[in-house]
Amino acid sequence: MDFAWLTTLFTDYTLRTVALGSAILGVVSGTLGSYAVLRRQSLLGDAISHAALPGIALAFLLSGTKLPLVLLLGAALAGWLATLVILAIVRTTPIKEDTALGLVLSVFFGAGLVLLTYIQKLPIASQAGLDTFLFGQAATLVMRDVWTMGILGLLVLLLTLLLWKEFKVLSFDPDFTTTLGFPAQFLNVLLTSLLVVAIVLGLQTVGVVLMSAMVVAPASAARQWTDRLGVMMGLSALFGALAGICGAIASSLVPRLPTGPAIVVCISLMVAFSLLAAPHRGLLWRWLIQRRRRRRIVLQTVLLNLFQLARQHPGQEHGHAVAVLDAMMCGQVSSLPSLRVLAERGWARELEAGKWALTPEGLAEAEKLLHQQEQAS
Amino acid sequence: MNPQAGQMPRHLSQVPIHVEDLTVAYQETPVLWDVDLDVPPGVLMAVVGPNGAGKTTLIKSILGLVKPVAGQVLIYGQPYETQRRLVAYVPQRSSVDWDFPTTALDVVLMGLYGRLGWFRRPGRSEREAALQALAKVGIEELAHRQINQLSGGQQQRVFLARALVQNAQIYLMDEPFQGVDATTESAIITLMQALRAEGKTLLVVHHDLQTVTEYFDWVTLLNVRRIASGPVSEVFTEENLRLTYGGRVPFFTTANGPQATLEAEKKH
């Protein structure tokens, strides 16, 4: 196998820049996304990122430049304004949060698309390329952007670390946070603002439409593997970074594969795997537990059925047909596999073809089981 | 035992909870109407009333979590904001998401966050205090258990431990017996009575009328308005219960009347 692409990760300027930028965006959105997911605000990320679009367009119209820093500042302001509007709607009207999110998302995004169309019709040359913010265009990243992302990301992470216990108690029990004397509303706005920064950092690479995936997906995947907030956040950051790097590499290997969507596909695969395979919470794990439980119950039932038959027919040498046992299971399950397991354990034996009976050990086991069941009830 | 237990002090500065003319409304509908209430020191007081009577709202307004339309609450004669440390709060168990990735010990530690103040993290002495509180509610062996693996009763004990660790003078509890097993219920009431014996004041939202006389020494009957408040032996009368749960509820029959009547019928 050819691992030359791995070295290009360090030598190729574009790939290195894109991979680094994507990794930073993955770490920051993975960390803040954990809070968003735990606070059941997954949709908020979607609203913020969509709401950033009119901010980008307005920033371009007002400044006339396409400097990422300027455009992202516009995005941040618009995203922030959107969250404040959502909070205000929830607090002052009977409208519920999900409806408020939907309203703000569509209104802001619609306004963004209108502005974008207007800009594209302007008779100036510099307007081209603004629509790359819809799905992101990582190739436009330069090292200076990565530095900006890195410094802003570091600030966000530092604040998250500094206010660790405050954000934790806020996410678990906001009312209790207030009674402790912390300004819950302020903390709420601050945490949401940090989420806005995390989202804006990713807009250039992943775009407004897909950015919410980077908020929700790493955290949901991480939640599957741990029951500790700190570990969850670390894993979430790691998954985000891995997805960023994988996406960057994939898009450099496959011609015409855009980076943003590639990153989102990578993180989605991680989510799918985590939902399926994680111990305790994974679907596969639960299915295995259920199957084991079911088998044990069938085994016990067959054992007790044999015991009942033995009581009706004195003498251990009397064999009982599998068909009779199956009939006792109401034809729902076949008794034969369980009989074989019982035989393996030395609790039952096949006297002649198709005729089964309990061994003395099996008899004792059945009595013990009956005794247990009586005590349990 | 506090020598003044059960006696209403003359000075407001000695009254743990003083509620005056409290009126709270959600979207025009009054939930509490002109409620006056004094909780004397060292009592274990139940707050009873039908669903929608404003019991939770009363507790939340005392804690400043709900803004009243009118009226005020004083804690030992001062506004709550300056007296926070004296008040511990046990919310309804169902008010939080127990799937939150954290341990029982961690939840109890949250009770100390206020004392720690900004930025500081809990250290060894805080952990010891939290473990002691868990021991007091009888589940210290579950300290490192993920909270979604605890039974309802155990979760309620975690919430109680979180309040205990605050070492407050006043305890406000919202339906601490909801959905817990009999063992936990008796453990909780033993704990409450021990707190009262230490001279603490407890205000407990309670649903089960059968146990009021057995568990509590003071009671407030509430249905939007305060129906009665005082020692159980004096105010927990059939007449007052009828006023609270059944018959005609003065003023707001549309909001609570039919439901209240229905409940009262079920209970009698």
Nearest 0.5 Å please: distance from the [atom1] atom of [X] over to the [atom2] atom of [Y].
{"X": "B:L65", "Y": "A:D175", "atom1": "CG", "atom2": "CG", "result": "4.5 Å"}
{"X": "A:F176", "Y": "B:L63", "atom1": "CZ", "atom2": "CG", "result": "10.0 Å"}
{"X": "A:K168", "Y": "B:R121", "atom1": "NZ", "atom2": "CZ", "result": "8.5 Å"}
{"X": "A:E166", "Y": "B:R120", "atom1": "CD", "atom2": "CZ", "result": "11.5 Å"}

Practice task
Go through B:D106, B:D99, B:T103 and name the one with the most non-hydrogen pairs under 4.5 angstrom from chain A.
Solution key: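 If we count pairs closer than 4.5 Å to chain A, B:D99 comes out on top.
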Problem - chain A interface, residue from B:V87, B:D97, B:T102, B:V90 that has the most non-hydrogen pairs under 4.5 Å - result: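 Answer, by heavy-atom pair count under 4.5 Å with chain A: B:D97.
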Which portion of [X] sits near chain A, non-hydrogen atoms under 4.5 angstrom:
{"X": "B:R115", "result": "neither"}
{"X": "B:Q166", "result": "side chain"}
{"X": "B:Y80", "result": "side chain"}
{"X": "B:V107", "result": "side chain"}
{"X": "B:I147", "result": "side chain"}

Contact residues of [range] (partner chain B; heavy-atom separation under 4.5 angstrom):
{"range": "residues 88-103 of chain A", "answer": "A:P94"}
{"range": "residues 221-229 of chain A", "answer": "A:R223, A:D227, A:R228, A:L229"}
{"range": "residues 24-48 of chain A", "answer": "A:L38, A:R40"}
{"range": "residues 281-290 of chain A", "answer": "A:R281"}

Handout entry: Centroid-centroid under 6.0 Å between B:F119 and A:W164 rings
Key = no
How far apart are the closest heavy atoms of [X] and [Y], and which atoms are they?
{"X": "B:F159", "Y": "A:D173", "answer": "CZ-OD2, 4.0 Å"}
{"X": "A:F182", "Y": "B:G117", "answer": "CZ-O, 4.0 Å"}
{"X": "A:T178", "Y": "B:R84", "answer": "O-NH1, 2.9 Å"}
{"X": "B:Y113", "Y": "A:L180", "answer": "CB-CD1, 3.9 Å"}

Handout entry: Which atoms of A:L159 approach chain B - backbone, side chain, both or neither, heavy atom under 4.5 Å
Key = neither
Exercise for the section: Considering only heavy atoms and a distance below 4.5 Å, find which of A:A184, A:S171, A:P174 pairs most often with chain B. Expected result: A:S171
Problem - Enclosure of A:F186 CZ (heavy-atom neighbours >12, cutoff 6.0 Å) - result: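 No, not enclosed.
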Problem - Test item: A:K165 side-chain N/O and B:P122 main-chain N/O as donor-acceptor pair under 3.5 Å - result: no
